[in-house]
Student: 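Before we start, here is the structure in question, set down as structure tokens.
Naming convention: chains lettered A, B, ... in sequence-line order (proteins, then strands); numbering from 1 in each chain. Predicted model only: the values in this text are computed from it and were never measured.
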Protein chains: 2
Amino acid sequence: MDVFLAISEPTRRGILDMLAEGERPAGDFVAAFPGLTQPGVSRHLRILLTVGLVSVRPLSQKRLYSLEPKKLAELDRWLERYRGFWDGRLNALERHLDRKKASRQSKPERKPS
Amino acid sequence: MDVFLAISEPTRRGILDMLAEGERPAGDFVAAFPGLTQPGVSRHLRILLTVGLVSVRPLSQKRLYSLEPKKLAELDRWLERYRGFWDGRLNALERHLDRKKASRQSKPERKPS
DNA sequence: ACATTATATAAGCCATTCGTTATATTATTC
DNA sequence: GAATAATATAACGAATGGCTTATATAATGT
């Protein structure tokens, strides 16, 4: 299983989306996806972990998952080839860069759980 | 089948990569992937077509496929959320923007201070 | 009309994946 | 140490995906 296959699953993208806001215990995902059972969610986490899209650290009985951005950069590098093919994209990039540059001295913060 | 699933397959990414260089007849892909049979390639093209990642126009017996960038922009919009999580990305973006700007105006600026 | 070229569709097989229930593991609390 | 809480693993069935061979469609050339 590679990164592309890993993010092809909606639930796993949902998990990543939640992790974009910060570190979270596995239980949060179980609660967030009522359509799935706990083992089901656990398996998705396992997949994201083995692929390298997330990492874990134990906190008592809990396991805190967090985003592993380097792997997502892989995906971005693939898209790189196609960027410039669509219009309207440039403005979005410029806006993003402006935000980035404006907050360059401050590190991106992570919400504690 | 959605865009994420469509690009999760290596052969289909290969097809898109070839299309990044321009319009191509179906036969080109059959030739480019010796590990697959013609119907196998045809099915991948069908999938890319139904998802909206490519389009076709007939030219005599041939069918010319070309990239449909708008659909890839969808993927990019998803990644947007995560951009800014990895380092080193900024420079690549800036380089790209510089290229873009350079092609839009006659005199590109070397480095903003 | 018939053969050829280019591509698509059909049918079937095998591998993978996703979900489930049941059970195991690990840490905490009483 | 027994009970509880949080999470992981095992085993398995159902669905999906991708590949194949065989066949169909469509346009071109003779």
Side-chain angles (χ1 to χ4, degrees), chain A residues 1-19 21-68 71 75 111-113, chain B residues 1-19 22-68 71 75:
Chain A
M1 170 99 57
D2 67 338
V3 182
F4 289 92
L5 249 168
I7 66 153
S8 74
E9 218 284 329
T11 303
R12 289 197 287 265
R13 285 200 301 278
I15 290 175
L16 294 178
D17 284 350
M18 289 178 68
L19 287 178
E21 292 164 13
E23 198 177 40
R24 277 172 180 278
D28 276 22
F29 307 116
V30 178
F33 300 99
L36 289 194
T37 58
Q38 178 267 319
V41 172
S42 185
R43 210 145 75 80
H44 283 306
L45 288 170
R46 184 79 153 73
I47 288 172
L48 290 172
L49 192 65
T50 54
V51 164
L53 278 168
V54 304
S55 57
V56 219
R57 69 181 178 96
L59 179 65
S60 73
Q61 323 101 299
K62 298 186 179 182
R63 305 202 119 216
L64 299 179
Y65 285 84
S66 45
L67 199 62
E68 211 56 49
K71 265 297 169 193
L75 226 181
K111 246 198 306 194
S113 57
Chain B
M1 170 98 57
D2 67 339
V3 183
F4 290 92
L5 247 168
I7 66 154
S8 74
E9 216 285 329
T11 304
R12 288 196 288 264
R13 284 200 302 278
I15 290 174
L16 294 178
D17 284 351
M18 289 178 68
L19 287 178
E23 197 178 38
R24 278 172 180 277
D28 277 23
F29 307 117
V30 178
F33 300 100
L36 288 194
T37 59
Q38 178 268 318
V41 172
S42 185
R43 209 145 78 79
H44 283 306
L45 288 170
R46 184 79 152 72
I47 288 172
L48 290 172
L49 191 65
T50 54
V51 164
L53 279 168
V54 304
S55 56
V56 220
R57 70 180 177 97
L59 179 65
S60 73
Q61 324 99 300
K62 299 186 179 181
R63 303 202 122 217
L64 299 179
Y65 285 84
S66 46
L67 199 62
E68 211 56 50
K71 266 296 171 194
L75 226 182

Student: With a 4.0 Å cut-off on heavy atoms, is A/I47 in touch with a base, just the backbone sugar-phosphate, or nothing at all?
Tutor: sugar-phosphate

Student: Calculate, to the nearest 0.5 Å, the distance between atoms CZ and OG1 belonging to B/R46 and B/T50 respectively.
Tutor: 6.5 Å

Student: Could you report the tightest heavy-atom contact between B/Y65 and B/A26, atom names first, then the distance?
Tutor: CE1-CB, 3.9 Å

Student: How many Å lie between CZ on B/F33 and C1' on D/dG18, as a whole number?
Tutor: 15 Å

Student: Classify A/Q38 by what it touches in the nucleic acid, base, sugar-phosphate, or nothing, heavy-atom distance under 4.0 Å.
Tutor: base

Student: Using a heavy-atom cut-off of under 4.0 Å over every strand shown, decide if A/F29 touches base, sugar-phosphate, or nothing.
Tutor: nothing

Student: Find the distance A/D2:CG to C/dT16:C1' and express it as a whole number of Å.
Tutor: 13 Å

Student: Whole-Å distance between D/dG18 C1' and B/R13 CZ?
Tutor: 15 Å

Student: Do the side-chain N or O atoms of A/H44 get closer than 4.0 angstrom to the phosphate oxygens (OP1, OP2) of C/dT17?
Tutor: no

Student: Please report the distance, rounded to the nearest Å, between CZ in A/R43 and C1' in D/dA10.
Tutor: 11 Å

Student: For the side chain of B/Y65, starting at C-beta, report the closest nucleotide among C/dA8, C/dG19, D/dG17.
Tutor: C/dA8

Student: Write down the distance between CZ (B/R12) and C1' (D/dC19), rounded to a whole number of angstrom.
Tutor: 12 Å

Student: Tell me the interatomic distance from B/L36, atom CG, to D/dT21, atom P, rounded to whole angstroms.
Tutor: 11 Å

Student: Within the 4.0 Å heavy-atom criterion, would you say B/G40 contacts the bases, only the backbone, or no part of the nucleic acid?
Tutor: base

Student: What's the shortest heavy-atom distance between B/E9 and B/T11, and which atoms?
Tutor: OE1-N, 2.8 Å

Student: Counting only side-chain N and O atoms of A/R46, is one of them less than 4.0 Å from OP1 or OP2 of D/dA8?
Tutor: no

Student: Distance check needed: D/dA27 P versus B/L59 CG, whole Å only.
Tutor: 12 Å

Student: With sugar-phosphate meaning primed atoms plus P, OP1 and OP2, does B/S42 contact a base, only sugar-phosphate, or nothing at under 4.0 Å between heavy atoms?
Tutor: base

Student: Quick check on D/dA26: is either OP1 or OP2 less than 4.0 Å from any side-chain nitrogen or oxygen of B/R63?
Tutor: no

Student: Describe the nucleic acid contact of B/P58 in one word from base, sugar-phosphate, nothing, applying a heavy-atom distance below 4.0 Å.
Tutor: nothing

Student: Which of the following nucleotides, C/dT7, D/dA10, D/dC19, is nearest to the side chain of B/A26?
Tutor: C/dT7

